[in-house]
Visitor: 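The structure that follows is given in the form of structure tokens.
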Amino acid sequence: MSSIVELIAKQAQATFSRSIPEESFLENLTKLIKNVNKVRASDLKLNKDTLRTINSDNDDKRLAPVTYIEVAENKTFSMGIFLLRSGARIPLHDHPGMHGVLKVIQGTVKITSYSAVSKVPSEIKLPQDIYNRVKGVQKERLIPVEKHSSGNVTEKDEPCVLKPKEGNFHEICAVGGTAAFLDILAPPYDMDERDCHYYVPLETNKTDSEVKCWLLRTTPPSDFWCESADYTGPKVSL
């Protein structure tokens, strides 16, 4: 009998495969979310040594704030586990043209997400207070967005879903201790076509501005880096 982890991987393949008719996508995505909602940390059999390092109170700055464990990946999707040390964050970043499903399996994370404003009237100008905060070419790196309400998410909550245009920018922070979540992205990141970019939010104080928030593309934060660890859970065959 297939494990819940393998069932999720196979459903992700069925959901995001280009050979699947478009009209079946929503039905398949609903099945995927339902399966992901069932997974627990015990199903993934996280390595005790890895968890011990993540849970350590050692403030040694050489320890990565985030550890990634690859569960499965091909050209259709990637599935892995992110482990965040207490107080660590995955900085605000994007998922170009991608769908994502995130399920917390340990601890609590705070997720803050944004969606790009699809149509900005040509008469809308960059608010003066933001204009004064950015320099030259940086103005070309600004993206007008809608900020969604942020909130804490635990293993008791249903999976969070991002779409190519909805909630496609987000930041994830560990709250009150270490945290872990299962993450599915489709298609996976690609250095040439779908590379990851980082942003800082800039909110205007101008009450008459139709766009209240803009994201400025920036370099990866120096306090963020990610190490990898071996997957020790059930075998996944696709």
Visitor: For the residue pair Asp43 and Val5, what are the closest heavy atoms and their distance?
Guide: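 Minimum heavy-atom separation between Asp43 and Val5: O-CG2, 3.6 Å.
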
Visitor: Classify the ring geometry of His95 against His170: parallel below 30°, tilted from 30° to 60°, perpendicular beyond 60°.
Guide: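 Ring orientation, 0 to 90° scale: perpendicular.
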
Visitor: Could you measure the distance from the NZ atom of Lys235 to the OG atom of Ser3? Nearest 0.5 Å is fine.
Guide: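 Answer for the NZ-OG pair, Lys235 versus Ser3, is 11.5 Å.
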
Visitor: Distance under 6.0 Å and angle within 45° of the ring axis: does Lys103 meet both against Phe181?
Guide: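 Checked: cation-pi criterion not met.
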
Visitor: How are the rings of His93 and Tyr198 set relative to one another: parallel (under 30°), tilted (30 to 60°) or perpendicular (over 60°)?
Guide: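 Ring orientation, 0 to 90° scale: tilted.
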
Visitor: Supply the atom-to-atom distance Leu102 CG to Ser113 OG, rounded to the nearest 0.5 angstrom.
Guide: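 One gets 11.0 Å once the value is rounded to the nearest 0.5 Å.
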
Visitor: Are Leu216 and Ile143 packed together at the side-chain level, in the sense that at least one heavy-atom pair is separated by less than 4.5 angstrom?
Guide: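 Leu216 vs Ile143: side chains apart.
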
Visitor: For Tyr199 and Asp94, does a side-chain donor sit closer than 3.5 Å to a side-chain acceptor?
Guide: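 The criterion, which ignores hydrogens and geometry beyond distance, is satisfied for Asp94 and Tyr199.
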
Visitor: So does Lys212 pair up with Glu146, basic N to acidic O under 4.0 Å?
Guide: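 The answer is no: the pair does not qualify as a salt bridge.
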
Visitor: If you count heavy atoms of other groups shown closer than 6.0 angstrom to CD of Gln138, is the number above 12?
Guide: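 Enclosed: over 12 neighbouring heavy atoms sit under 6.0 Å from CD of Gln138.
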
Visitor: If hydrophobic clusters are built by linking Ile, Leu, Val, Met, Phe, Trp and Tyr wherever their side-chain heavy atoms come under 4.5 Å apart, do Val109 and Ile90 end up in the same one?
Guide: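 Yes, one cluster joins them.
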
Visitor: Is there a donor-acceptor contact under 3.5 Å from the side chain of Ser115 to the main chain of Gly167?
Guide: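 Side chain of Ser115 to backbone of Gly167, a donor-acceptor pair under 3.5 Å: yes, one is there.
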
Visitor: Are more than 12 heavy atoms, taken from residues, nucleotides or ligands other than Arg40, located less than 6.0 Å from that residue's CZ atom?
Guide: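 Yes, the 6.0 Å shell around CZ holds more than 12 heavy atoms from other groups.
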
Visitor: Tell me whether Val145 shares a hydrophobic cluster with Leu92, the cluster being built from Ile, Leu, Val, Met, Phe, Trp, Tyr side chains joined at under 4.5 Å.
Guide: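 Cluster IDs for Val145 and Leu92 match.
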
Visitor: Looking only at heavy atoms, which two atoms of Asn37 and Glu158 are closest? And how far apart?
Guide: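 Between these two residues, the closest heavy atoms are OD1-CA, 3.4 Å.
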
Visitor: Can you tell if the side chain of Arg133 reaches within under 4.5 Å of the side chain of Leu202, non-hydrogen atoms only?
Guide: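 Heavy-atom side-chain distance check passes, below 4.5 Å.
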
Visitor: With no hydrogens and no angle check, is any side-chain donor or acceptor of Ser86 less than 3.5 Å from a backbone partner on Thr178?
Guide: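 No, the answer is negative, given that no donor and acceptor are paired below the 3.5 Å cut-off.
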
Visitor: If the threshold is 4.0 Å, N to carboxylate O, is there a salt bridge linking Asp223 and Arg89?
Guide: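 Salt bridge flag = yes for Arg89 with Asp223.
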
Visitor: To the nearest 0.5 Å, what is the distance between CD on Glu203 and CG on Asp129?
Guide: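 Separation between the atoms: 10.5 Å.
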
Visitor: Are Phe25 and His99 an aromatic pair, judged by ring center distance below 6.0 Å?
Guide: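 Ring centroids of His99 and Phe25 are less than 6.0 Å from each other.
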
Visitor: Between OH of Tyr131 and NZ of Lys206, what distance do you get to the nearest 0.5 Å?
Guide: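 Here the rounded value is 14.0 Å.
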
Visitor: Report yes if some heavy atom in the side chain of Pro201 is under 4.5 Å from a heavy atom in the side chain of Lys147; otherwise report no.
Guide: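 Heavy-atom side-chain distance check fails, nothing below 4.5 Å.
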
